[in-house]
Colleague: 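Once you've had a glance at the structure underneath, I'll fire off some questions.
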There are 2 protein chains.
Amino acid sequence: MRALLVPSREGLSSAQPPEVSSGAVRGADEALFRPIRGGNAFEETVERLLSTLRLGVVAPGGRLPPGRELAARLGVSRATLREALATLQTAGYLESRRGRYGGTFVVATPSPGSGLAPGGRSAAEIDDVLAFRQVLEAGAAEAAAARSLTRADREHLTARLAECTGTGQADYRRLDSRLHLAIAEVAGSPSLTTAVVDVRSRVNELLDAIPLLAPNIEHSDRQHAAIVTAILAGDPPGARRTMAEHLAGTAALLRGFLT
Amino acid sequence: MRALLVPSREGLSSAQPPEVSSGAVRGADEALFRPIRGGNAFEETVERLLSTLRLGVVAPGGRLPPGRELAARLGVSRATLREALATLQTAGYLESRRGRYGGTFVVATPSPGSGLAPGGRSAAEIDDVLAFRQVLEAGAAEAAAARSLTRADREHLTARLAECTGTGQADYRRLDSRLHLAIAEVAGSPSLTTAVVDVRSRVNELLDAIPLLAPNIEHSDRQHAAIVTAILAGDPPGARRTMAEHLAGTAALLRGFLT
DNA sequence: CTCCAAAGGTCCACGTCGAGCCCAATGCCC
DNA sequence: GGGCATTGGGCTCGACGTGGACCTTTGGAG
């Protein structure tokens with residue numbers, strides 16, 4: 001196909017003598033030469049906001065940061081942000097109110113079968129996401145257990161666990177995501193948190209395409225409790241193991257339901 | 001400071017009744033509301049190309065993909081790419097030759113004390129990078145060992161290991177990076193490879209600021225061999241453990257040398 | 001020796017996006 | 001009840017970046 005990174009031929013006219021120069025490095029160049037931009041600013045902004053809703057970071061009824069501040073944090077202009085917000089308003093997810101103490105509020109979270117987030121998952125992409133998630137989330141659980149957590153960390157974890165346990169199907173995905181994010185947060189590495197947020201968002205897109213069964217929720221609840229217990233107990237291998245089991249369950253479910 | 005994600009007040013005039021709406025989610029919103037763009041296209045392109053050089057994906061004497069193709073893969077216009085290439089030319093890293101079988105060639109790799117990549121690492125950022133790297137690379141080693149590797153995978157690994165073993169200081173960083181990237185590649189998840197590329201690039205920036213000692217190289221060589229052996233033997237826990245030990249060594253070195 | 005393919009070098013018209021500004025609405029505080 | 005702070009809504013201007021067409025250089029193929 002391509003013929004990149006070829007060894008420089010013998011007998012170059014001038015300049016430094018070429019030396020060794022290796023063969024291709026297979027996957028790494030595809031990662032390095034991947035697109036700089038994910039798309040135009042508008043699309044990226046919509047995607048980011050959708051992730052925020054899907055992950056339940058802002059719950060229904062909650063308010064997004066004011067337009068000016070949000071635009072600044074996202075590094076886009078207010079015009080672009082407002083375009084994105086308008087799109088999500090017409091889609092029925094958001095609602096804006098003017099005046100002091102106004103703002104943009106979450107009306108509903110994008111649930112199964114939303115018009116956005118079109119399909120097109122290849123088997124390879126599913127394997128990719130699941131493998132990546134395995135590495136990130138199991139690592140996060142282990143790292144969280146290895147840290148000496150603050151009181152706030154512990155309360156944050158137990159609060160998210162309690163919130164998630166014994167909830168109806170309606171809110172389960174959102175609260176489940178929040179618990180997983182909380183684990184990443186208390187691991188203490190912002191980069192890790194960011195990565196988990198991203199991969200979790202991709203996983204949620206997949207999950208939204210399959211049904212949610214009561215037995216699975218119960219099972220997940222028990223696993224969640226075991227994970228949090230191991231983290232609070234400062235047991236890194238245990239946290240990793242229980243998290244790995246938990247993830248394996250979801251992975252099997254996804255692989256079963258998706259082609 | 002900020003007052004985001006506040007619970008919606010009681011008694012909203014209209015629309016859906018507000019319901020629960022949680023407290024803030026601490027770190028996750030900072031990840032979700034992080035900047036969409038890392039900077040302008042030119043800067044991002046320069047950064048990406050610098051990473052390519054630092055990681056040794058294109059060795060000195062090697063050729064970059066043709067401008068048109070590289071621009072397409074990076075998702076930037078030729079004008080922007082050429083600006084970036086020109087910058088790296090004047091910095092002495094690249095050299096362009098016209099005509100058929102011409103192209104842009106690597107002259108030197110940015111080594112310690114390069115004018116680019118200014119300092120400014122806070123202790124928190126160092127901890128962040130190292131923790132993230134621990135998760136990613138240990139996870140990659142484990143995942144690689146868990147997979148049934150193809151013949152090509154095995155050869156790729158052993159080749160990178162051999163290349164790296166017993167090299168002088170001049171090329172060590174580059175070849176070391178290539179070995180680590182190879183491990184990520186054979187783990188079989190493109191997303192994981194991308195993440196490792198990114199974090200490895202950040203680590204290399206740090207490493208370029210500290211000296212490279214012969215005893216450390218020897219030690220690393222032995223650890224590298226143990227890691228590859230564990231992966232080829234299909235021993236996930238062993239691969240994880242040896243990789244973790246290897247990373248801990250580098251981490252201690254970095255923490256020692258950097259403030 | 002000629003032609004041609006493949007690469008870098010240059011230019012310009014157009015679209016996208018960001019910065020700044022002002023307007024409109026809304027509800028608390030005095 | 002008036003002022004005012006805060007929020008969304010809308011506008012214009014300028015810079016950056018893209019896409020495309022075109023030229024120039026170079027070395028191999030015929």
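Lettering follows sequence order; numbering is per chain, from 1.
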Colleague: Is the shortest side-chain N/O distance from T104(A) to OP1 or OP2 of dG8(D) below 4.0 Å?
Modeller: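 Answer is yes, contact under 4.0 Å.
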Colleague: Please tell me if R82(A) has a side-chain N or O lying less than 4.0 Å from either OP1 or OP2 of dG9(D).
Modeller: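 Affirmative; the distance criterion is met.
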Colleague: Would you check if the side chain of T80(B) reaches a backbone N or O of V76(B) as a donor-acceptor pair within less than 3.5 Å?
Modeller: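 Pair absent, no side-chain N/O of T80(B) close to backbone of V76(B).
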Colleague: Do R133(B) and D128(B) meet the salt-bridge criterion of a basic N to acidic O distance under 4.0 Å?
Modeller: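 Between R133(B) and D128(B) there is no salt bridge, as every charged N stays at least 4.0 Å from the carboxylate O atoms.
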Colleague: Answer yes or no: is there a donor N or O on one side and an acceptor on the other, between the side chain of R63(A) and the main chain of V106(A), under 3.5 Å?
Modeller: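 Pair absent, no side-chain N/O of R63(A) close to backbone of V106(A).
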Colleague: What nucleotide, of dG9(C), dT26(D), dA7(C), holds the atom closest to the side chain of R100(B)?
Modeller: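 For R100(B), the side-chain atoms sit closest to dT26(D).
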Colleague: Expressed in angstrom and rounded to an integer, what is the separation of R98(A) atom CZ from dA25(C) atom P?
Modeller: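 Answer to the nearest Å: 6 Å.
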Colleague: Salt bridge check, E163(A) against R160(A): does any charged N sit closer than 4.0 Å to a carboxylate O?
Modeller: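 Result for this pair is yes, salt bridge flagged.
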Colleague: Could you tell me how far apart L94(A) (CG) and dG8(D) (P) are, to the nearest whole angstrom?
Modeller: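 Value for this atom pair: 12 Å.
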Colleague: Rounded to whole angstroms, how far apart are CZ on R63(A) and C1' on dT26(C)?
Modeller: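 After rounding, the reported distance stands at 13 Å.
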Colleague: Rounded off to whole Å, could you give me the CD-to-P distance for the E44(A) and dT16(C) pair?
Modeller: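 In whole Å, dT16(C) P and E44(A) CD are 16 Å from each other.
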Colleague: Provide, to the nearest angstrom, the distance between the CD atom belonging to E95(B) and the P atom belonging to dA7(C).
Modeller: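 Checked: the CD to P distance equals 17 Å.
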Colleague: Distance check needed: dG8(C) P versus L85(B) CG, whole Å only.
Modeller: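 Going from CG in L85(B) over to P in dG8(C) covers 8 Å.
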Colleague: Could you list the protein-to-nucleotides 12-19 of chain D atom pairs, N/O on both sides, closer than 3.5 Å?
Modeller:
unit_1, atom_1, unit_2, atom_2, d
dG17(D), OP1, A41(B), N, 2.8
dT18(D), OP2, S77(B), N, 3.1
dT18(D), OP2, S77(B), OG, 2.9
dT18(D), OP2, T80(B), OG1, 2.6

Colleague: Are any of the side-chain nitrogens in R200(B) or E137(B) under 4.0 Å away from the carboxylate oxygens of its partner?
Modeller: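 Counted as a salt bridge, because a side-chain N and a carboxylate O are separated by less than 4.0 Å.
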Colleague: Salt bridge between R48(B) and D198(B), side-chain N to carboxylate O under 4.0 Å?
Modeller: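 Looking at R48(B) and D198(B), the cut-off is not met.
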Colleague: In whole angstrom, give the distance that lies between atom CZ of R97(B) and atom C1' of dA6(C).
Modeller: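 Roughly 15 Å, once rounded to whole Å.
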Colleague: Kindly say whether, by distance alone, the side chain of R68(B) makes a donor-acceptor pair under 3.5 Å with the base of dG8(C)?
Modeller: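 Side chain to base: pair found, below 3.5 Å.
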Colleague: Is it true that a side-chain atom of S51(B) and a backbone atom of E47(B) form a donor plus acceptor pair closer than 3.5 Å?
Modeller: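 Between the backbone of E47(B) and the side chain of S51(B) there is a qualifying donor-acceptor contact (under 3.5 Å).
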